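Since we're looking at a predicted model, the values are computed, not measured. Whatever order the structure lists ligands and atoms in, that order sets their numbers, starting from 1.
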Amino acid sequence: MSAPQKTYPAAPTDRIFSGVQPTGNLHLGNYLGAIRNWVRLQHDFESIYCLVDMHAITQFQDPDDLRANVREATAGLLAAGIDPKKSIVFNQSQVPAHAELAWILNCVARMGWLNRMTQFKDKAGKNREGASVGLFVYPNLMAADILLYRSTHVPVGDDQKQHLELARDIAQKFNGDYGVDFFPLPEPVINAEAARIMSLRDGTAKMSKSDLSDATRINLTDDADTIAKKIRKARTDPDALPSEVAGLADRVEARNLLTIYGALQDKTLEEVCAEFGGSTFADFKKALTEVAVGHLGPITAEMTRLTDDTTYVDSVLKDGALRARDLAAPILRDVHDIVGFLQPWGN
Ligand code: AQP
């Protein structure tokens with residue numbers, strides 16, 4: 001007679017995990033595509049927000065810069081409104097269970113799945129042989145980040161959609177291989193109005209920390225003059241602004257600037273077109289600058305204050321790491337049990 005199948009605690013129904021790479025300045029794309037959503041969602045979900053320093057080192061980081069960037073990005077999250085009492089905020093390397101689960105998931109994910117990841121192709125470029133192994137298996141670590149907490153929802157920008165689909169495939173295969181219903185299939189939460197904020201200098205490229213030109217992005221650390229200058233120099237086209245969204249077809253830079261304005265003002269693209277239809281870019285850019293400076297100014301000031309208060313920031317990260325470890329430990333023990341790792345000290 002076969003032993004009855006072991007049961008495991010039910011997964012949570014409303015747990016969020018998301019992360020940001022501490023690889024440079026947080027920018028408007030991170031803020032509008034992800035962080036602002038995190039702030040809103042923390043009131044309705046149990047939320048875990050992570051500075052993913054282990055992802056950061058898939059490409060070389062200067063150690064001093066990495067430490068500084070973790071603190072600065074943490075200050076950015078707090079300044080944007082993440083409440084560290086309500087949400088768990090920590091840096092990934094302080095919870096070793098992320099790496100442990102990632103190894104198990106390395107053994108679940110298939111090479112063919114990873115070979116299809118466009119971000120690896122983009123980042124490795126022509127030099128695939130010279131890319132780190134970590135960069136290739138990055139999506140497995142991301143799956144581990146999410147599944148370690150049996151998270152149900154993952155608020156991300158559009159660029160992370162493919163990685164999230166992979167996390168769902170990995171969860172499904174794990175459940176299927178071991179005959180369990182253990183990992184929930186995490187749902188993406190994508191803010192449709194600001195899913196992908198584009199570079200200020202090229203409307204076909206994503207606004208990104210790793211872009212070599214600082215003029216392509218608005219950083220959360222930029223002061224009012226810098227924001228004004230970057231918006232003034234943002235690429236546009238010679239036509240006046242359209243009064244309907246259909247008029248933005250093939251006008252990627254115009255669409256991006258109007259999208260940013262709408263996201264900052266909580267207005268739809270239709271509403272922004274109705275407001276600025278017929279205006280010149282010069283007039284619109286003045287309005288956009290005013291809105292951007294008004295919205296980001298208080299966040300930047302608070303971020304600067306917190307970045308200087310390393311004792312406080314470190315205490316937030318330490319508290320978050322301890323809480324995350326407590327959540328992760330029993331889940332990882334159950335995973336060990338499921339895969340058949342002998343646990344001589346008991347589960
Ligand atoms: N441009 C964007 N528009 C909307 N959302 C974005 N996100 C990033 N860029 C945009 C979302 O922000 C969260 C953190 O992402 P990240 O740490 O990977 O940020 P990044 O700026 O994309 O970082 P890098 O190092 O510059 O990466 P690459 O080179 O890949 O662009 C995520 O939820 C992301 O979707």
Side-chain angles (χ1 to χ4, degrees), residues 16-41 47-62 65-66 69-70 72-74 76-77 80 82 89 91-92 117-125 131-132 134-136 138-139 141-143 145-146 151 153-167 186-214 216-221 230 234 252-253 255-257 259-260 262-264:
I16 277 186
F17 179 93
S18 200
V20 61
Q21 291 193 69
T23 44
N25 287 320
L26 294 181
H27 54 72
L28 194 60
N30 298 137
Y31 176 68
L32 293 176
I35 297 166
R36 195 170 61 157
N37 242 359
W38 301 359
V39 173
R40 291 174 175 170
L41 291 165
S47 303
I48 305 165
Y49 298 128
C50 188
L51 292 305
V52 288
D53 48 8
M54 288 159 62
H55 286 283
I57 63 160
T58 55
Q59 294 184 301
F60 180 79
Q61 305 294 318
D62 174 88
D65 288 350
L66 182 59
N69 285 334
V70 168
E72 188 183 83
T74 305
L77 299 193
I82 301 288
V89 180
N91 57 316
Q92 187 185 25
M117 295 297 111
T118 54
Q119 196 181 79
F120 175 74
K121 290 180 196 158
D122 291 346
K123 287 199 172 182
S132 74
L135 188 65
F136 185 68
Y138 171 119
L141 178 58
M142 178 167 155
D145 299 336
I146 297 164
S151 313
H153 295 81
V154 186
V156 281
D158 185 59
D159 60 313
Q160 290 299 328
K161 219 162 133 190
Q162 193 187 34
H163 288 163
L164 201 52
E165 276 159 17
L166 184 89
E187 294 286 342
V189 183
I190 295 179
N191 174 12
E193 300 296 336
R196 191 181 285 245
I197 300 297
M198 310 309 281
S199 154
L200 297 180
R201 305 313 290 266
D202 174 1
T204 63
K206 184 180 81 110
M207 185 178 283
S208 141
K209 297 187 210 84
S210 52
D211 197 311
L212 293 177
S213 164
D214 193 56
T216 58
R217 59 184 164 259
I218 293 176
N219 302 305
L220 294 194
T221 48
K230 286 180 178 176
V252 282
E253 279 87 15
R255 173 182 278 271
N256 188 41
L257 294 180
T259 297
I260 292 173
L264 287 169

Return a yes/no value for [X]: is any of its N or O atoms, backbone included, closer than 3.5 angstrom to an N or O of ligand 1?
| X | value |
| --- | --- |
| G157 | yes |
| K206 | yes |
| D158 | no |
| Y138 | no |
| H27 | yes |
| G19 | no |
| I197 | yes |

Which of the numbered atoms in ligand 1 are below 4.0 angstrom from a heavy atom of [X]?
| X | answer |
| --- | --- |
| Q119 | 30 (O) |
| R196 | 3 (N), 4 (C) |
| A34 | 12 (O), 13 (C), 33 (O) |
| Q160 | 35 (O) |
| G33 | 4 (C), 5 (N) |

For ligand 1, which part of [X] has a heavy atom less than 4.0 Å away: the side chain, the backbone, both, or neither?
| X | answer |
| --- | --- |
| M207 | both |
| S210 | both |
| N30 | both |
| A194 | backbone |

Of all the heavy atoms in [X], does at least one lie under 4.0 Å from an atom in ligand 1?
| X | result |
| --- | --- |
| P22 | no |
| M198 | no |
| A56 | no |

Review point. How far apart are the C-alpha atoms of N191 and L32, what are their side-chain angles, what is the distance that settles it, and do they pass the side chain to side chain contact (heavy atoms under 4.5 Å, CB included) test?
Key: CA-CA 8 Å; N191 174 12; L32 293 176; 5.7 Å; no

Practice item. Quick one: sort the Y138 and H163 rings into parallel, tilted or perpendicular, breaks at 30° and 60°. Key: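 Geometry flag for H163 against Y138: tilted rings.
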
Check your understanding: Would you call D211-K206 a salt bridge at under 4.0 Å N-O?
Key ->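 No salt bridge links D211 with K206.
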
Point to revise | Taking every non-hydrogen atom, the tightest pair across T58 and S132 | key: O-OG, 2.8 Å

Review point. When rounded to the nearest 0.5 angstrom, what is the spacing between CD1 in I82 and OG1 in T74?
Key: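 Going from the CD1 atom of I82 to the OG1 atom of T74 covers 11.0 Å.
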
Review point. If you measure from atom 34 (C) of ligand 1 to every heavy atom of V156, D159, N25, which option wins on shortest distance?
Key: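 Answer by nearest heavy atom: D159.
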
**Study point:** Option with minimal heavy-atom separation from atom 25 (O) of ligand 1, where the choices are L32, T58, T23
**Key:**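 Closest candidate by heavy-atom distance is T23.
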
Point to revise | L164 side chain near I146 side chain, heavy-atom distance below 4.5 Å | key: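 The answer is yes, as the side chains (C-beta and beyond) meet within the 4.5 Å cut-off.
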
